[in-house]
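Keep in mind it's a predicted model, so treat the numbers as computed, not measured. For the numbers below, each heavy atom of this structure counts, side chains included, while hydrogens, waters and symmetry mates do not. Order of the sequence lines fixes the chain letters, A, B, ..., with proteins taken first and strands second; residue numbering starts at 1 for each chain.
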There are 4 protein chains.
Amino acid sequence: MNARSTALVADTGRRNEAAILNAAIQAFGTKGFNGASMRDVAKGAGTSLSNLYNYFPSKSKLLAAALRHANLELQSRVLDAIDLAGDDAPSRLREAVRAHVGFVVDHQVATLVATNEVRYLDPEDRAALVADRDATQAAFERIVAQGAAEGSFRTPYATDAARAILSTVGAIASWYRPDGALSRGQLAEQYARYALALLEGPLAR
Amino acid sequence: MNARSTALVADTGRRNEAAILNAAIQAFGTKGFNGASMRDVAKGAGTSLSNLYNYFPSKSKLLAAALRHANLELQSRVLDAIDLAGDDAPSRLREAVRAHVGFVVDHQVATLVATNEVRYLDPEDRAALVADRDATQAAFERIVAQGAAEGSFRTPYATDAARAILSTVGAIASWYRPDGALSRGQLAEQYARYALALLEGPLAR
Amino acid sequence: MNARSTALVADTGRRNEAAILNAAIQAFGTKGFNGASMRDVAKGAGTSLSNLYNYFPSKSKLLAAALRHANLELQSRVLDAIDLAGDDAPSRLREAVRAHVGFVVDHQVATLVATNEVRYLDPEDRAALVADRDATQAAFERIVAQGAAEGSFRTPYATDAARAILSTVGAIASWYRPDGALSRGQLAEQYARYALALLEGPLAR
Amino acid sequence: MNARSTALVADTGRRNEAAILNAAIQAFGTKGFNGASMRDVAKGAGTSLSNLYNYFPSKSKLLAAALRHANLELQSRVLDAIDLAGDDAPSRLREAVRAHVGFVVDHQVATLVATNEVRYLDPEDRAALVADRDATQAAFERIVAQGAAEGSFRTPYATDAARAILSTVGAIASWYRPDGALSRGQLAEQYARYALALLEGPLAR
DNA sequence: GATGAATGAGGTTTCATTCAT
DNA sequence: CATGAATGAAACCTCATTCAT
């Protein structure tokens, strides 16, 4: 359970693939997709510029691969958390939000890249990624719908609430500092409560 | 009250300045700061490439000027709304959020540029812009503090709530379509309620 | 009548255009289209690499422009010569061949580029060029047909003879040296006779 | 008598050598020497990129080997044809031309490569190849000289005529299509007559 | 103000070739 | 013989910026 490892992609068979993907996330996160050069990525990965092209056919495909990895990790964390939660909507929402916050904090840079640089993908890759992302959002939407049906969430705007919650959680990546005042756990708790409150659901105490 | 005009910057004394600034917003919004070229901006503004440099000394300063305009407009809208609102925190929050949502909808592209491209400014310009932005955020924070003191907002996490609210409102820019299901007014109303609920404040009905 | 000037393209309004086109012919002639770099062309033209792109949008378009110029010059020389010749097919053929040989000798490199590097053009540009070239060939074909009808050319293969003649003339460019044994005029005379003989037409004496 | 086999190089002892040579001819013929990559050749040969270097030490040497094969085949066809012909110059010329045309048609691509890409050889390899080619041309020149001495060829330009003939024959490679109007045999006959006519020799009928 | 021409730096990508296995 | 991974050099092209007019 090294869920909090800083590297998003684990080493695989092909020696440099993980290093390249992680370096790409860092480079694109620091300088933006167009601001970062393939040389930057190569340097970060500790390999040569031309060798990048033995792994990924273009800069754009490299971004696509990196984002695909990030999204899969996020998705599995969130879905796993929901599976392990209770049956009532508030519990499920709470765990989903906590898992999402956990991912954002563990992979802050990847989260930023995923929100800011998607536009630079090929249309096909972008569509695929958006579909993946929508799948995660759909899990939240199902919970919201369940809670609205059960009467535990009383906001009149349940339909769009998932989007509002997810955008706040994602934005954490743009300001969180590991050495800040809030611990990882406190932050997750806080945002879980924000989410429940926003839905006008039952709050502790 | 042409608050909903599509152009962010109105014509000024200098003949092309507004055209250039608006073209810059469009170009940076469409292709990103590094993806858009000064040629793109010139074409959008209907002038020549070299003429841009008679107005702005560098691409980076052009971005800075555009963002400064956007921030000033946002700030004045929000502060004006607060001034016109009642004295109690919930009313003030409601109007502030409604004004902010209005700006985001009216200047969607500028909002996106302001959140995604700030990083490409010179350190000084970025600092100045962040300060401006913080001033707007501070207005929200004051309202939250007031409400917490009055007892109308009961969230245990009042300190950070302003940030959560503002990030959700800003994110509207990334998905709103003028021809979508929600009108401008409905959207503002919806997000005002989200904000009050998130703060665990008094909701209508 | 500086028909024998070594530069194919005369200076025009845009200062460097002619220099670039001539340098391109030289570079592509010496090293081939793919073997020559845009830097080679720039150096030959006495300008900077990037400035080439202010005149031609791509290497391929530069080749297209150069070949267009060459073909136009060849075509005008041949058609003019035919216009000035007598009415009978043998005279017309003689003058057409002499004019063609003159072009090949005057613009040896351009002739080589035109035959060897056409394949590297965009499909559209290639089609346009081939159409131009076919127009020149058609002039020869008309003469051959006229002579066959008049009975002055008696080869049983008149239809394809124009192609055979033109290929031999074009091949001169691959071996001719100005300081060789044959003068420009002698060469033209010799190939005119080859052409008439190949068509089984009336030879002097 | 598989003179018309499409592959220029027959299988040899070394398993892949012929495949590589034939793939090289195709690749260089399609994209030019500098336009084709060693990867293209490897793909065409059905082997790996690095394996090419077990057979040929460099791209340039690969071209040299391919052209050597082509020239040997051409030379042997032409010399054999002359050996089998009668003693008089016209018969010998006729057979030589027919054999040459046959080679061009059977190995169209190789002929194109041999004329267009020789320039990319090392100086030594180029010299060797030109010497080989000159040997073939010399055979034609001897026939022309013989005919001029016998009085059967009456052109005043006998010395250079061989070159004119060979260039026309070689040019067939740039336009011949197997499904065109002329059969292989008709084409050979036609060009044999062109050659005799050009030399002002005795024509049938 | 306004423009067209010019340029140096740097970007992505390809490629011939090498090497360890 | 055969391969996959690796690399330095160089290719085409773009771009922010400058300058003379």
Side-chain angles (χ1 to χ4, degrees), chain A residues 13-17 20 31 33-42 45-62, chain B residues 13-17 20 33-42 45-63, chain C residues 13-17 20 31 33-42 45-62, chain D residues 13-17 20 31 33-42 45-62:
Chain A
R14 283 158 96 202
R15 319 255 347 153
N16 287 318
E17 190 164 26
I20 293 173
K31 303 186 167 190
F33 178 73
N34 280 305
S37 72
M38 289 297 268
R39 268 189 177 80
D40 291 334
V41 176
T47 183
S48 74
L49 168 60
S50 42
N51 196 30
L52 297 184
Y53 290 86
N54 291 326
Y55 290 83
F56 304 96
S58 72
K59 194 186 185 187
S60 174
K61 293 295 183 188
L62 170 55
Chain B
R14 302 213 276 168
R15 305 241 322 94
N16 285 318
E17 189 165 27
I20 294 173
F33 178 73
N34 280 306
S37 70
M38 290 295 267
R39 271 181 173 83
D40 291 333
V41 175
T47 183
S48 73
L49 168 61
S50 34
N51 197 27
L52 299 185
Y53 290 86
N54 289 322
Y55 290 85
F56 304 96
S58 73
K59 193 186 184 188
S60 175
K61 294 295 183 188
L62 170 55
L63 173 62
Chain C
R14 283 157 95 201
R15 317 254 349 150
N16 287 318
E17 190 165 24
I20 293 173
K31 303 185 167 188
F33 178 73
N34 280 307
S37 72
M38 288 297 266
R39 267 189 176 80
D40 292 334
V41 175
T47 184
S48 73
L49 167 61
S50 42
N51 196 29
L52 298 185
Y53 291 87
N54 290 327
Y55 290 84
F56 303 96
S58 71
K59 195 187 184 186
S60 173
K61 292 295 184 189
L62 170 55
Chain D
R14 304 212 277 167
R15 305 246 315 100
N16 285 318
E17 189 165 27
I20 294 172
K31 303 184 166 190
F33 178 72
N34 279 305
S37 72
M38 290 295 268
R39 271 181 175 83
D40 291 333
V41 175
T47 183
S48 74
L49 168 62
S50 33
N51 198 27
L52 299 185
Y53 290 85
N54 289 322
Y55 291 83
F56 304 96
S58 74
K59 194 187 184 187
S60 175
K61 294 294 184 190
L62 170 55

- Message: Please encode protein proximity along nucleotides 14-21 of chain F as a string of B, S and -, counting only heavy-atom distances under 4.0 Å.
- Response: BBSBBB--
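- Across the helix from E:dA2-F:dT21 to E:dT21-F:dA2, the helix axis at one end is tilted relative to the axis at the other end by 10° (nearest 10 degrees, each axis from five pairs).
- A distance of 12.5 Å separates OG1 in B:T47 from CD in B:E17, rounded to the nearest 0.5 Å.
- Annotation: side-chain hydrogen bond (donor to acceptor under 3.5 Å, both in side chains) contacts of B:D40 (sequence neighbours excluded): B:K31, B:S37.
- Closest of all the heavy-atom pairs between A:V41 and A:I20 is CG1-O, 4.0 Å.
- Among the nucleotides F:dC1, E:dT7, E:dT3, the one closest to any side-chain atom of B:T47 is E:dT3.
- Distance, A:Y55 OH to F:dA5 P: 6 Å, rounded to whole Å.
- A straight line from CG of A:L52 to P of E:dC15 spans 17 Å, rounded to a whole angstrom.
- With rounding to the nearest 0.5 angstrom, the OG atom of B:S48 is 11.0 Å from the CE atom of B:M38.
- Considering only the side chain of A:N51, F:dA6 comes nearest among E:dA2, E:dA6, F:dA6.
- When the side-chain nitrogen and oxygen atoms of A:N16 are compared with OP1 and OP2 of F:dA6, one or more of them lie within a distance under 4.0 Å.
- We find the NZ-OH distance between C:K59 and C:Y53 to be 8.0 Å, quoted to the nearest 0.5 Å.
- Between C:G35 and D:N34, the shortest heavy-atom distance links the atoms CA-ND2, 3.5 Å.
- The CG atom of C:N54 sits 13 Å away from the C1' atom of E:dT3 (whole-angstrom rounding).
- The nearest whole Å value for the distance from the CD1 atom in C:I20 to the C1' atom in E:dA6 is 11 Å.
- A distance of 9.5 Å separates CG in D:N54 from CG in D:N16, rounded to the nearest 0.5 Å.
- Within the 4.5 Å cutoff, the side chain of B:L52 has no heavy atoms near those of the B:F56 side chain.
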